[in-house]
2 protein chains.
Amino acid sequence: MRLVIATCTVDYAGRLAAHLPRAKRLLLVKADGSISIHADGGAYKPLNWMSPPCTLRMEEGRWVVTNAKGETLTIELHEVHGELSHELGPDPGLQKDGVEAHLQELLAANPHVLEPGLALLRREHPTDIGPVDLLCRDAEGRTVAVEIKRRGEIDGVEQLARYLERLELDGRLRPVRGILAAQLVKPQARTLAAARGIAWVEVDYDELRGVGTGRLTLF
Amino acid sequence: MRLVIATCTVDYAGRLAAHLPRAKRLLLVKADGSISIHADGGAYKPLNWMSPPCTLRMEEGRWVVTNAKGETLTIELHEVHGELSHELGPDPGLQKDGVEAHLQELLAANPHVLEPGLALLRREHPTDIGPVDLLCRDAEGRTVAVEIKRRGEIDGVEQLARYLERLELDGRLRPVRGILAAQLVKPQARTLAAARGIAWVEVDYDELRGVGTGRLTLF
DNA sequence: ACGTTGAGATTGCCG
DNA sequence: CGGCAATGTCAACGT
């Protein structure tokens with residue numbers, strides 16, 4: 001990894017054309033061959049960048065980066081104010097917890113959280129337009145399709161509505177109800193769900209994780 | 001802007017939970033208060049970050065970043081290998097020349113891409129309500145007004161329709177047809193264009209760039 | 001203020 | 001290997 005603080009101008013010609021006027025910036029060259037140009041703002045996003053695979057040609061006061069698609073990034077280095085290089089080695093990588101897949105696992109293990117008496121029939125139940133996240137049976141023996149999202153929005157409701165249509169065609173499952181489960185269900189999604197006769201449930205992830213580990217039953 | 005190369009472990013608790021095992025990484029603190037943690041891979045994307053507004057508390061060997069939503073990023077600094085600080089000042093920012101201008105150049109050079117036999121008469125042909133992007137002549141000698149957009153939407157169709165009205169007033173140009181050219185023409189724009197008797201063409205930007213640099217004619 | 005839409009997105013998954 | 005969807009998406013724009 002090589003870090004250079006420099007006064008520079010930058011031109012990018014690729015999927016769009018962009019230009020950075022002369023100013024002091026950070027040039028960050030990683031071992032993977034990528035290069036990114038950062039200002040002292042704009043949070044984590046660079047002003048401009050080139051993703052690997054690309055080739056960096058360093059001439060006198062001028063870096064030219066190109067890739068296979070013919071995109072080019074040209075950096076004119078007018079003055080270098082600081083520099084730092086260091087080999088970091090491979091990174092063990094980020095361990096994530098709390099994404100949709102995890103939510104689905106937890107709800108599959110605890111469908112009763114969505115509604116008392118709800119029991120899991122199948123996860124990722126296939127239909128010809130895609131898999132239904134959870135297929136369940138309710139306390140009265142009716143089939144329930146559950147669509148799980150981190151955020152419940154309109155398209156989630158429509159996706160579930162399409163699944164319900166397909167499932168209704170199966171005489172063994174009919175009648176089929178739907179539940180949209182999400183950490184947050186947006187107002188528009190609530191309204192549309194109501195209009196479609198679809199129920200929605202907001203799920204508290206931390207609480208659900210507690211259920212999963214038996215914490216709620218311990219205290 | 002402050003750059004620190006350090007062996008560290010990182011924990012994020014917020015919208016999800018994430019953990020970074022001990023490894024050497026770049027810590028990038030910007031003047032806007034943001035902090036991002038980079039490995040020597042993953043292109044321009046940091047492993048983890050906190051966006052402003054947030055507060056960074058630097059204790060002995062431990063940075064704790066929090067924001068108003070109660071999200072926290074905790075960085076344990078085990079060893080510091082290098083450091084570099086520099087004030088960059090405000091950045092003039094990115095100038096996107098936009099695809100539209102570039103598209104116009106490319107289509108002006110290759111009008112036949114829109115329709116076989118189409119030939120350019122004039123770019124930015126002036127009317128009293130504004131310039132028409134391209135004025136062309138088709139294979140049968142008729143005048144064709146071309147409106148170029150990155151995204152073809154309803155307002156693009158209406159703009160072109162207004163130009164056509166004006167151009168029809170000029171006896172030397174009459175009759176005049178219209179073509180809406182865009183990378184993507186939305187369904188509503190297609191419908192309105194059809195109703196107005198205006199043709200539309202979706203243009204492949206990358207392919208056109210190939211034509212423009214003569215790459216397609218070389219092989 | 002809120003909702004909608006685009007982005008040079010990137011990344012992982014599954015067919 | 002290509003298309004689809006999620007992302008701690010974010011950011012800009014219109015209502």
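Hydrogens, waters and symmetry mates are skipped; everything else that's a heavy atom, side chains included, is used. We name chains A, B, ... by the order of the sequence lines, and we start the count at 1 in each one.
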Return all side-chain donor-acceptor pairs below 3.5 angstrom for residues 24-34 of chain A, not counting sequence neighbours, or 'none' if the list is empty.
from  : atom 1 : to    : atom 2 : distance (Å)
A/K24 : NZ     : B/H86 : NE2    : 3.2
A/K24 : NZ     : B/E87 : O      : 3.2
A/R25 : NE     : B/D91 : OD2    : 2.6
A/R25 : NH1    : A/C8  : O      : 3.1
A/R25 : NH1    : A/P21 : O      : 3.0
A/R25 : NH2    : A/P21 : O      : 2.7
A/R25 : NH2    : B/D91 : OD1    : 3.2
A/R25 : NH2    : B/D91 : OD2    : 3.4
A/K30 : NZ     : B/H38 : ND1    : 3.1
A/K30 : NZ     : B/A39 : O      : 3.2
A/K30 : NZ     : B/G41 : O      : 3.0
A/K30 : NZ     : B/A43 : O      : 2.8
A/D32 : OD1    : A/S34 : N      : 2.9
A/D32 : OD1    : A/S34 : OG     : 2.7
A/D32 : OD2    : B/G42 : N      : 3.1
A/D32 : OD2    : B/A43 : N      : 2.9

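Partners of A/T9 under the side-chain contact (heavy atoms from CB on, under 4.5 Å) rule, at least two apart in sequence or in another chain, are A/R22, A/E76, A/H78. The ring pair (Phe, Tyr, Trp, His ring centres under 6.0 Å) check on B/W200 picks up nothing, with sequence neighbours excluded. The ring pair (Phe, Tyr, Trp, His ring centres under 6.0 Å) check on B/W63 picks up nothing, with sequence neighbours excluded. Taking B/L84 as the reference, A/I5, A/L84, B/L3 meet the side-chain contact (heavy atoms from CB on, under 4.5 Å) condition, with sequence neighbours excluded. In this structure, the salt bridge (charged side-chain N to carboxylate O under 4.0 Å, His left out) partners of B/R190, at least two apart in sequence or on a different chain, are B/E202. Every residue two or more places apart in sequence or in another chain was checked for a ring pair (Phe, Tyr, Trp, His ring centres under 6.0 Å) with A/H112, and none qualifies.
Listed by residue number, the members of residues 190-204 of chain A with any heavy atom below 4.0 angstrom from DNA chain D form an empty set.
Using a 4.0 Å heavy-atom cutoff across all strands shown, A/K186 reaches no nucleic acid atom at all. As judged by a 4.0 angstrom heavy-atom cut-off over every strand, B/E71 is placed among the base-contacting residues.
For A/Q188, taking side-chain heavy atoms from C-beta onward, the closest of the listed nucleotides C/dG3, D/dT7, C/dG6 is C/dG3.
We find that CG of B/N67 is positioned 11 Å from P of D/dC10, with the value rounded to whole Å. Across the protein-nucleic acid pair, A/L103 atom CG and D/dT7 atom P stand 10 Å apart, rounded to whole Å. At whole-Å resolution of the value, CG in A/D155 and P in D/dC4 are 15 Å apart.
C/dG6 and D/dT7 are spaced 15 Å apart, taking the C1' atom of each and rounding to whole Å. D/dG8 and C/dT5 are spaced 23 Å apart, taking the P atom of each and rounding to whole Å.
Salt bridge status for A/R2 with A/E83: present, with a side-chain N to carboxylate O gap under 4.0 Å. A salt bridge is absent between A/E124 and A/R122: the closest approach of a Lys/Arg side-chain nitrogen to an acidic carboxylate oxygen does not fall below 4.0 angstrom.
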* Structure fact -> For nucleotides 10-15 of chain C, 5' to 3', base contacts (B), sugar-phosphate-only contacts (S) and non-contacts (-) with protein non-hydrogen atoms under 4.0 Å give SS----
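One finds no side-chain N or O of A/R151 lying less than 4.0 angstrom from the OP1 or OP2 phosphate oxygen of D/dA5.
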